[in-house]
2 protein chains.
Amino acid sequence: MTLSSATDQIGEAFAGLGPSCVVLRLAPGEEIFGEGEPADYVYQVESGTACTYRILSDGRRQVCEFHLPGEFIGLEAGVEHRASAEGLTSVTVVAVRRSALASLAATDLALSRRLWELAIKGMQQSQNHASMLGRLGALERVAAFLVDFAERVGARDAMDLPMTRQDIADYLGLTMHTVSRTLSQLQSEGFIDARSSRHVELRRQAALADLCA
Amino acid sequence: MTLSSATDQIGEAFAGLGPSCVVLRLAPGEEIFGEGEPADYVYQVESGTACTYRILSDGRRQVCEFHLPGEFIGLEAGVEHRASAEGLTSVTVVAVRRSALASLAATDLALSRRLWELAIKGMQQSQNHASMLGRLGALERVAAFLVDFAERVGARDAMDLPMTRQDIADYLGLTMHTVSRTLSQLQSEGFIDARSSRHVELRRQAALADLCA
DNA sequence: CGTGTGGTTGAAGTGCGTCAAACTGGGTGG
DNA sequence: CCACCCAGTTTGACGCACTTCAACCACACG
């Protein structure tokens, strides 16, 4: 992971934090931080896609969230990270010392408010995720994932998926097999057109959204 | 739902908000707010237990969280509530105008920081919930629920459950039948002793925690 | 070419849901 | 005081959606 000073690439949220910011460039699959490590930094994705996940004692994995450019990773209430984070693609992230962020937030009201909104949005995203995992079937979960992800990347009707089938499965609480089968089913029923395994075109996007119940 | 001025019963978080606070007393099952309603108030549970939930178009229900005394309900990023809330038992809650809270937070640094921590904790709770729903089996979910709830109510080894089997099922993403069967199984294997359907004693609490994987 | 990683697909197994019936305890009215 | 009721709960039998196990496929890279 290469480091470089980057006071000229800082997002607006971090204005005034120049000296405390560091840009990290990571290769695909490289870890940003690990579960249990001290949460001294907060990260904002600049380019690429990252994901956060937790591993159970017997190896089962739950992907908490995929993180697109502009989004934040690593905000914690306690002193250590409760999830691991890694890049799915090549990723660049801006790292900010948590202590610097906290002391700036103490005087900058707009920043403090924005941090609060970020936390609330994160909570609501997790609640959506939980509803999906608790009550939707496989078809509904995959459809919901496609619709949600397309919206987040701002895709009109076609998009590239930066993650593997296994990543999607671990996000949706399914197996890679079920995800693959379900995508095939959506394809055969004309909801999507998967040119390659990483590229999806959404046909009948409204109908797809209706599948999410 | 009866209202009364209650400047003398306000939690420490709301010091200085006296005039903007109202105490609501609700009968069991009574709604505190509904999904889609404007989120003008934030609520703190004073006594009893409440729960937040969302209903899908076809009637499936997902309980987002159970809320014990001291906990907050109704914090939202947008202008409307994204879940409904109701009391499981008789409940008293303190309602605070969101606008009053926001303007106080603008000057009170400690309050602003506490609100941020609340949001982060809520996010982590939801993430735990999602992990559970995504990757744990029925036995693990029920065991995790018992251990977690016992800890939250501060129960050493025995507790009363304020919610029905259906509520537990909707929280755990199971059916009431599976919850009931699983509790029976835990009982027959000596992990718990359910004197009545609403009272549980945890035997071998450590072993129970191990079941959660 | 061979090899390896990610993906697809089939067949068989299983854990939880569904359907159905019986039970329990608290409340009400005769 | 007892008969009845009713919501909540328990339990059984059965079915199905998803997992598991096992091949096979496709593309990238040496």
Side-chain angles (χ1 to χ4, degrees), chain A residues 27-29 51 56 58-63 88-90 132-146 160-189 192-200 211 213, chain B residues 27-29 51 56 58-63 88-90 132-146 160-189 192-200 211 213:
Chain A
C51 82
L56 299 185
D58 61 354
R60 281 174 288 182
R61 187 175 82 134
Q62 177 65 47
V63 168
L88 297 170
T89 62
S90 296
M132 175 169 89
L133 296 175
R135 285 297 176 220
L136 300 189
L139 184 68
E140 295 167 318
R141 293 188 206 186
V142 172
F145 166 73
L146 290 173
D160 287 305
L161 300 174
M163 71 291 282
T164 67
R165 296 286 185 266
Q166 186 64 59
D167 293 326
I168 298 173
D170 288 343
Y171 178 69
L172 297 180
L174 301 167
T175 61
M176 146 187 42
H177 311 279
T178 300
V179 171
S180 180
R181 266 186 265 269
T182 305
L183 287 169
S184 298
Q185 182 189 347
L186 287 172
Q187 166 121 338
S188 74
E189 291 172 0
I192 64 173
D193 187 355
R195 297 293 172 84
S196 80
S197 71
R198 296 295 189 107
H199 183 84
V200 183
L211 288 182
Chain B
C51 82
L56 299 185
D58 61 353
R60 282 175 286 182
R61 187 175 80 134
Q62 177 66 48
V63 168
L88 297 171
T89 61
S90 295
M132 176 167 87
L133 296 175
R135 284 299 176 218
L136 300 189
L139 184 68
E140 296 168 316
R141 292 188 207 187
V142 172
F145 166 73
L146 290 173
D160 288 305
L161 299 174
M163 71 292 280
T164 67
R165 295 287 185 266
Q166 186 64 60
D167 292 327
I168 298 174
D170 288 342
Y171 178 69
L172 297 180
L174 301 168
T175 61
M176 127 182 65
H177 311 277
T178 299
V179 170
S180 180
R181 266 186 266 268
T182 305
L183 287 168
S184 299
Q185 182 187 348
L186 287 171
Q187 167 123 345
S188 73
E189 291 173 359
I192 63 173
D193 188 357
R195 295 294 171 81
S196 80
S197 71
R198 295 296 189 106
H199 183 83
V200 183
L211 288 183

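A note on names: the letters A, B, ... follow the listed sequences, proteins ahead of strands, and every chain is numbered from 1. Only a predicted model underlies this, so the values are computations on that prediction, with no experimental measurement involved.
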Which heavy atom of [X] sits nearest a heavy atom of [Y], and at what distance?
X: B:Met132; Y: B:Ala144; answer: SD-CB, 4.0 Å
X: A:Leu133; Y: A:Arg141; answer: O-NH2, 3.2 Å
X: A:Met176; Y: A:Gln166; answer: CE-OE1, 3.5 Å
X: B:Val63; Y: B:Cys51; answer: CG1-CB, 4.4 Å
X: A:Tyr171; Y: A:Gln62; answer: O-NE2, 3.3 Å
X: B:His199; Y: B:Asp160; answer: ND1-OD1, 2.9 Å

Completion exercise
One should read off an interatomic distance between B:Leu161 CG and B:Leu146 CG, to the nearest 0.5 angstrom, of 7.0 Å
Problem - CG on B:Leu172 to CG on B:Leu136, rounded to 0.5 Å - result: 9.5 Å
Exercise for the section: Evaluate side chain to side chain contact (heavy atoms under 4.5 Å, CB included) for B:Arg195 paired with B:Val200, printing each intermediate quantity in order. Expected result: CA-CA 6 Å; B:Arg195 295 294 171 81; B:Val200 183; over 6 Å; no
Starting at [atom1] of [X] and ending at [atom2] of [N], how long is that distance when rounded to a whole Å?
X: B:Leu139; N: C:dG17; atom1: CG; atom2: P; value: 13 Å
X: B:Leu183; N: C:dC16; atom1: CG; atom2: P; value: 14 Å
X: B:Leu186; N: D:dT10; atom1: CG; atom2: C1'; value: 15 Å
X: B:Leu172; N: C:dG15; atom1: CG; atom2: P; value: 18 Å
X: A:Met176; N: D:dC18; atom1: CE; atom2: P; value: 17 Å
X: B:Leu133; N: C:dC16; atom1: CG; atom2: P; value: 13 Å
X: B:Gln187; N: D:dT10; atom1: CD; atom2: P; value: 9 Å
X: B:Glu140; N: C:dG15; atom1: CD; atom2: C1'; value: 12 Å

Problem - side chain to side chain contact (heavy atoms under 4.5 Å, CB included) partner of B:Met163, the single match among B:Ile168, B:Thr89, B:Asp170 - result: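 Going through B:Ile168, B:Thr89, B:Asp170 one by one, the side chain to side chain contact (heavy atoms under 4.5 Å, CB included) with B:Met163 is satisfied by B:Ile168 alone.
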Exercise for the section: List the steps, then state whether side chain to side chain contact (heavy atoms under 4.5 Å, CB included) holds for B:Leu211 with B:Glu140. Expected result: CA-CA 6 Å; B:Leu211 288 183; B:Glu140 296 168 316; 5.6 Å; no
Between protein and nucleic acid, restricted to nucleotides 15-17 of chain D and to nitrogen or oxygen atoms under 3.5 Å apart, what atom pairs and distances do you find?
none

Nucleotide N/O to protein N/O under 3.5 Å, stretch nucleotides 22-24 of chain C:
none

Practice task
Can you pull out how bent the helix from C:dC1-D:dG30 to C:dG30-D:dC1 is, comparing the axes over its first five and last five pairs, to 10°?
Solution key: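 End-to-end axis angle: 20°.
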Exercise for the section: Could you walk me through whether A:Asp167 and A:Arg61 pass side chain to side chain contact (heavy atoms under 4.5 Å, CB included), step by step? Expected result: CA-CA 9 Å; A:Asp167 293 326; A:Arg61 187 175 82 134; 2.5 Å; yes
Side-chain donor/acceptor pairs under 3.5 Å, residues 177-184 of chain A, sequence neighbours excluded:
unit_1: A:Thr178; atom_1: OG1; unit_2: A:Thr175; atom_2: OG1; d: 3.1
unit_1: A:Thr182; atom_1: OG1; unit_2: A:Thr178; atom_2: O; d: 2.6
unit_1: A:Ser184; atom_1: OG; unit_2: A:Ser180; atom_2: O; d: 3.1

Problem - Interface with DNA chain D, restricted to residues 192-199 of chain A and to heavy atoms under 4.0 Å - result: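 Listed by number, there are none.
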Handout entry: Expected output: side-chain A:Arg60 to main-chain B:Arg135 donor-acceptor under 3.5 Å
Key =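 Judged by distance alone, yes, a pair lies under 3.5 Å.
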Each nucleotide N or O in nucleotides 19-24 of chain D that has a protein N or O under 3.5 Å away: list the pair and distance.
unit_1: D:dT19; atom_1: OP1; unit_2: A:Thr175; atom_2: N; d: 3.4
unit_1: D:dT19; atom_1: OP2; unit_2: A:Thr175; atom_2: N; d: 3.4
unit_1: D:dT19; atom_1: OP2; unit_2: A:Thr175; atom_2: OG1; d: 3.1
unit_1: D:dT19; atom_1: OP2; unit_2: A:Thr178; atom_2: OG1; d: 2.3
unit_1: D:dT20; atom_1: O4; unit_2: A:Arg181; atom_2: NH2; d: 2.9

